[in-house]
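Remarks on the structure that follows.
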Number of protein chains: 2
Amino acid sequence: MSSTPIPQESSIAATLRDDILRGQYRCGERLPSERDLAQRFGVHRSTVREAFKRLEQLGVATIQRGGARVAPLEEASLDVLGHLLALDDAPDPEIVDQALEALSGFRAMAARLATERASEAQRARMVAILEAMMAPDLDARDRFELVTELGECFVAASDNIVLRLIARGLPARAPDTHRAGRFLADTPRREAVDTQLRRLRTAIQQADGAIAAEAVYRLSGIVRQQLREEARS
Amino acid sequence: MSSTPIPQESSIAATLRDDILRGQYRCGERLPSERDLAQRFGVHRSTVREAFKRLEQLGVATIQRGGARVAPLEEASLDVLGHLLALDDAPDPEIVDQALEALSGFRAMAARLATERASEAQRARMVAILEAMMAPDLDARDRFELVTELGECFVAASDNIVLRLIARGLPARAPDTHRAGRFLADTPRREAVDTQLRRLRTAIQQADGAIAAEAVYRLSGIVRQQLREEARS
DNA sequence: GCGGGAGATCTGGTCGGACCAATATGGCCC
DNA sequence: GGGCCATATTGGTCCGACCAGATCTCCCGC
């Protein structure tokens with residue numbers, strides 16, 4: 001069971017990555033030299049170098065003779081998103097909102113494909129999840145679990161490897177687990193939610209991808225809007 | 001002007017990556033040891049190590065004491081997609097199709113957001129591109145350029161960093177440039193294409209995201225279907 | 001024949017130090 | 001101030017070495 005101990009190189013890379021994502025170094029700014037960091041972390045330079053290669057592959061830094069520099073966020077890999085949202089300090093609410101927005105569209109896409117080509121078993125499972133979600137007396141956390149599970153169902157049934165790759169990067173398990181669940185449960189918008197849930201159920205049963213996509217998009221939109229309003233207050 | 005020469009470590013990483021993506025090593029199989037590869041490439045082991053760190057960050061391999069192993073494709077980073085499609089040998093047509101499918105949905109998502117929040121200037125530019133695309137006597141390559149440009153417009157106007165990150169990984173510039181352009185140009189489906197183009201133009205002008213998304217999705221779907229049929233023959 | 005265990009072997013993780021070439025830096029001269 | 005050159009700095013690569021965990025091998029007892 002004992003998993004391989006985490007190499008120093010990995011944790012150094014993680015530390016530097018988080019420092020960069022936290023904005024500790026401005027974009028384009030030079031990172032400390034490999035020799036400096038080696039001394040600072042108390043490791044050999046080659047260890048720092050390996051960490052640097054990771055950072056470059058992640059797209060958060062570019063390495064050149066003369067010095068490594070911080071790369072602009074938009075040139076990074078999608079993989080940074082998860083780390084960005086996982087930072088202990090409250091991440092930029094703007095990023096969180098944009099991630100949720102992208103997640104909405106992404107789930108809509110997956111829902112469309114899933115709806116069009118799901119097997120009978122998958123379809124039944126999706127409908128079952130939906131009906132469970134419509135139960136009025138549902139714990140907030142359970143509700144969120146269901147949403148997550150449904151999303152995974154969509155991606156699986158979409159049978160598209162590219163979607164699966166993207167899904168790995170998107171924060172399917174957002175930091176706001178309970179909050180999102182609560183919003184789906186007992187907001188004044190409960191009725192709108194149920195409307196879309198019913199619409200989605202019908203779409204799935206009738207294999208109507210376009211409607212399923214639209215329903216999922218609106219569903220996600222409701223949650224996002226709610227989270228946004230609360231964040232603003 | 002002379003850009004920094006490509007480090008050996010980078011090209012070794014690229015070689016190994018392509019070997020893996022080409023299926024030269026089966027999933028789960030052990031990669032040659034660092035020492036072996038160092039000798040094979042005629043470099044020092046530490047150079048191979050740096051390449052390995054890249055591969056691990058890319059998600060195509062996992063490194064453990066005892067040996068590095070090839071990771072399943074679905075655990076890789078979205079970044080591999082571009083490399084996968086760029087392989088000189090004809091990439092798996094199934095993957096190509098799935099990528100186009102994902103691209104369809106992705107562009108639809110971007111179109112929706114762009115339509116809803118584009119500035120007047122951006123909106124005008126999108127409409128201009130659309131009208132250029134409707135010209136009957138358009139070179140296939142130009143047509144494809146327009147499609148690509150429109151896609152970039154959508155992502156830019158969507159003003160969503162996450163979408164931008166995903167866009168970097170998707171093959172916006174697919175290998176089938178001219179083919180795709182040709183299909184948009186002179187297929188019997190030309191009429192269907194024009195219908196969707198007009199629909200999209202109207203949607204953009206009226207800021208109707210849902211319709212824009214649907215139009216873009218169908219537009220991409222037409223091309224994809226066509227490419228698929230040709231591939232099958 | 002076969003499962004199991006002990007030891008040899010292999011593998012990655014890290015270290016120390018070294019040289020080269022490209023880059024950055026600072027001071028000098030015009 | 002602007003251009004220029006010597007120099008310190010930085011990444012790229014190499015050599016060789018040791019450790020600890022993983023893997024393999026082979027022999028033993030059942």
Side-chain angles (χ1 to χ4, degrees), chain A residues 1-17 19-20 24-72 75-76, chain B residues 1-17 19-20 24-72 75-76:
Chain A
M1 205 47 188
S2 71
S3 56
T4 296
I6 300 171
Q8 297 186 64
E9 163 267 315
S10 284
S11 56
I12 289 177
T15 299
L16 292 175
R17 155 171 55 70
D19 282 351
I20 293 174
Q24 203 151 321
Y25 303 96
R26 252 168 304 180
C27 175
E29 187 179 341
R30 267 183 49 180
L31 251 41
S33 74
E34 299 174 349
R35 291 174 174 85
D36 275 2
L37 289 172
Q39 188 167 18
R40 187 179 311 177
F41 286 110
V43 300
H44 190 258
R45 188 182 146 214
S46 62
T47 304
V48 173
R49 269 179 88 37
E50 291 172 16
F52 266 40
K53 295 303 171 188
R54 267 226 162 70
L55 297 183
E56 183 168 62
Q57 193 62 47
L58 237 194
V60 297
T62 61
I63 308 179
Q64 293 175 311
R65 286 180 170 111
R69 294 178 179 283
V70 175
E75 287 179 16
Chain B
M1 207 47 184
S2 70
S3 56
T4 296
I6 300 170
Q8 297 186 64
E9 162 269 315
S10 283
S11 57
I12 290 177
T15 299
L16 293 174
R17 154 171 57 70
D19 282 351
I20 293 174
Q24 204 151 321
Y25 303 95
R26 254 169 301 182
C27 175
E29 188 180 341
R30 265 182 51 180
L31 251 42
S33 73
E34 299 174 349
R35 291 175 174 85
D36 275 1
L37 289 172
Q39 187 166 17
R40 186 179 312 178
F41 286 109
V43 300
H44 190 260
R45 188 181 146 215
S46 62
T47 304
V48 174
R49 271 179 117 328
E50 292 172 16
F52 265 40
K53 295 304 171 187
R54 270 227 162 70
L55 297 184
E56 183 168 62
Q57 192 62 47
L58 238 195
V60 297
T62 61
I63 307 179
Q64 295 174 311
R65 282 177 175 121
R69 297 181 125 70
V70 175
E75 287 181 15

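So that the names make sense, note that chain A is the first sequence line, chain B the second, and so on, each numbered from 1. Note: hydrogens, waters and symmetry copies are ignored here, and every other heavy atom, side chains too, is used.
- You'll find that the side chain of B:Arg65 is closest to D:dA22, out of D:dG11, C:dA24, D:dA22.
- Closest approach to the B:Pro7 side chain among C:dA24, D:dT13, C:dT14 is made by D:dT13 (side chain taken as heavy atoms from C-beta onward).
- For the atom pair CD1 (A:Ile20) and CG (A:Leu31), the distance works out to 5.0 Å, reported to the nearest 0.5 Å.
- B:Leu16 pairs with exactly one of B:Val60, B:Leu58, B:Leu37 by the side chain to side chain contact (heavy atoms under 4.5 Å, CB included) rule, that one being B:Leu37.
- Distance A:Arg69 CZ to C:dA24 P: 6 Å, rounded to the nearest Å.
- Atom pair B:Leu31:CG and C:dT11:C1' shows a separation of 13 Å (rounding to whole Å applied).
- A:Glu34 places its CD atom 15 Å from the P atom of C:dT23, with the value rounded to the nearest Å.
- The side chain of A:His44 has C:dC15 as its nearest neighbour among D:dG11, D:dC14, C:dC15.
- Sequence order on DNA chain D of the closest nucleotides to B:Gly67 and A:Ser33 puts A:Ser33 first from the 5' end.
- B:Ile6 has its CD1 atom 16 Å from the C1' atom of D:dG11, to the nearest Å.
- Looking at B:Arg45, its side chain comes within 3.5 Å of the base of C:dG13 through a donor and an acceptor atom.
- A 6.0 Å sphere centred on CD of A:Gln39 holds no more than 12 heavy atoms belonging to other residues, nucleotides or ligands.
- When every heavy atom of B:Ala71 is checked against every heavy atom of B:Cys27, the shortest pair comes out as C-SG, 4.0 Å.
- Put simply, CG on A:Leu37 is 14 Å from P on C:dC15, counting in whole angstrom units.
- For the pair A:Ser46 and C:dG13, the criterion of a side-chain N or O lying under 4.0 Å from OP1 or OP2 is not met.
- One can find a donor-acceptor pair under 3.5 Å joining the base of D:dG11 and the side-chain atoms of A:Arg35.
- Following rounding to the nearest Å, B:Gln39 (CD) and C:dT11 (P) show an atom-to-atom distance of 12 Å.
- Nucleotides of DNA chain C nearest to A:Gly66 and B:Pro32 differ in position, and the one nearer the 5' end is that of B:Pro32.
- Between the CD1 atom of B:Ile12 and the P atom of D:dC14 there is a distance of 8 Å, given to the nearest Å.
- The salt bridge (charged side-chain N to carboxylate O under 4.0 Å, His left out) test with A:Glu34 singles out one residue from A:Arg40, A:Arg65, A:Lys53, A:Arg49, and that residue is A:Arg49.
- Side-chain proximity of A:Thr47 to C:dG13, C:dC15, D:dT13: nearest is C:dC15.
- One atom, CZ of B:Arg30, and another, P of D:dA22, lie 13 Å apart when rounded to the nearest Å.
- Taking side-chain N and O atoms only, B:Lys53 has no distance below 4.0 Å to OP1 or OP2 of C:dG12.
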